[in-house]
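Some notes on the structure that comes next.
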Amino acid sequence: MSDGDGRPAEAARVTDILESITDAFLALDRDGRFTYVNRQAEIALRKTRAELLGHNVWEKFPESVGTPFQRNYEAARAAGEVVHYEEYYGPLKAWFEVHIYPAPEGHFVYFRDVTGRKMAEERLRALTHRLLEVQEQERRHLARELHDEVGEVLTGLNFALQACACVPAEEVPARLAQAQELVRDLSSRVRDLSLRLRPTMLDDLGLVPALLWLFERYTAPTGVRVSFEHDGAGRRFPADVETAAYRIVQEALTNVARHARAAEAVVRLWADAAALGVQVEDEGSGFDPASVPPGATGGLSGMQERVTLLGGRLEIASRPGGGTRLTAELPLGSGRKGEADGTDAAAGR
């Protein structure tokens, strides 16, 4: 077991530890030759110990010359300090988190593949960027609505009130009546604008009444009838789930009116303890989902983003001439992503 001072046994214990850790570990001598490679390093580098031990790191990985790894390797040696950094290594198409430890006999290197985390961070950045774009689009739409509808009526009201000071006294009542009519028109437009932005009944009464209100105001201008089926969805759900479901149906019906050339759409809701299901189906012109680049249509992207924020699932089944069926499943309960990471506001509040 030992030569008397315990070194072979101690070395064996260290080796056992290095083989059991989840990080990749390798040792390099002063000339940059591999002197030890654990199993995780073999997996990460996609080379066996037999291929590496005794060989120079720059010869085995010539693509590393001039990369952050070489610069940090030399910096650790020059400063005699641990260097910690992250690097994308093109040949392996992977991100690595790396610790380089200078040692009297060379260097120790701990590293781990963090590609999954990096991809998740990139998706989050893209999602955040897209949400900001959507917010700006909504602000532009609201600004146009205020300018075109409310601004126009306010201008008319201003002229009507100014005229009261310039007309004979007997004409003032008529002018005031005209102004009152403009005020009523303005109140109606502001109320409609507020409801389009967010129907108060979604907060006060819940998802099903809000959708019924939406359907009533959808058919008249579009000519598309809505058949509504729901099972177990008459109860209240978390606010972010109700908002997401409402916006998904709203956007899907907008797409039906704009693109499907369908006479009818079917909206289905169902719920159990685990999830709320939403489905919108039409027998219109359809399309090829594979031919639509990601992010090419704000409506589909917006729906996907709402579902993703809640940790749900969105499926679109369609083909040219064969109609479209959109299905979303939104998780309920304590395991929902929105409750875990505080995305309630981003989900549409």
Under 3.5 Å, is there a donor-acceptor pair between the side chain of [X] and the main chain of [Y]?
X    : Y    : result
E42  : R49  : yes
H230 : V208 : no
R33  : L28  : no
T219 : V224 : yes
D240 : T243 : no
T327 : E315 : no

Checklist entry - With the 4.5 Å side-chain cut-off for hydrophobic clustering, are L26 and F108 part of the same group? => result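 No, no single cluster joins them.
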
Item to check | Same apolar cluster: F25 and V83, side chain cutoff 4.5 Å | outcome: no

Next on the checklist: Taking the six-membered ring for Trp, are F287 and H259 closer than 6.0 Å centroid to centroid?
Outcome noted: no

May I ask you to say whether [X] pairs ionically with [Y], meaning some side-chain N is under 4.0 Å from a carboxylate O?
X    : Y    : answer
R236 : E242 : yes
R39  : E19  : no
E122 : K118 : no

Next on the checklist: Does any part of the side chain of Y218, heavy atoms only, come nearer than 4.5 Å to the side chain of V256, both counted from C-beta?
Outcome noted: yes

Item to check | Within-4.5 Å side-chain heavy-atom neighbours: L253 and V267 | outcome: yes

How long is the gap from [atom1] on [X] to [atom2] on [Y], to the nearest 0.5 Å?
X    : Y    : atom1 : atom2 : answer
R235 : L276 : CZ    : CG    : 8.0 Å
L92  : D113 : CG    : CG    : 8.5 Å
D282 : T324 : CG    : OG1   : 5.0 Å

Checklist entry - Relative to each other, are the rings of Y101 and Y110 parallel, tilted or perpendicular (30° and 60° limits)? => result perpendicular

Next on the checklist: Can you confirm whether R258 is buried at CZ, in the sense that more than 12 heavy atoms of other residues, nucleotides or ligands lie under 6.0 Å from that atom?
Outcome noted: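 12 or below, so no.
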
Item to check | Residue R319 excluded, over 12 heavy atoms near CZ under 6.0 Å | outcome: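 Incorrect, the count does not exceed 12.
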
Next on the checklist: Under 3.5 Å, is there a donor on one side chain and an acceptor on the other for T308 and Q304?
Outcome noted: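 Their side chains do contain a donor-acceptor pair, which is all the 3.5 Å distance test asks for.
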
Next on the checklist: Can you confirm whether the side chains of E87 and Y85 place a donor and an acceptor under 3.5 Å from each other?
Outcome noted: yes

Next on the checklist: If you apply the rule side-chain contact (heavy atoms from CB on, under 4.5 Å), what do you find for L310 with R306, and how did you get there?
Outcome noted: CA-CA 7 Å; L310 294 175; R306 291 183 184 279; over 6 Å; no

Checklist entry - Is it the case that K47 places NZ or CZ above or below the six-membered ring of F61, under 6.0 angstrom from the centre and within 45 degrees of the axis? => result yes

Checklist entry - Can you name the one residue among E171, Q178, R175 that meets side chain to side chain contact (heavy atoms under 4.5 Å, CB included) with C164? => result R175

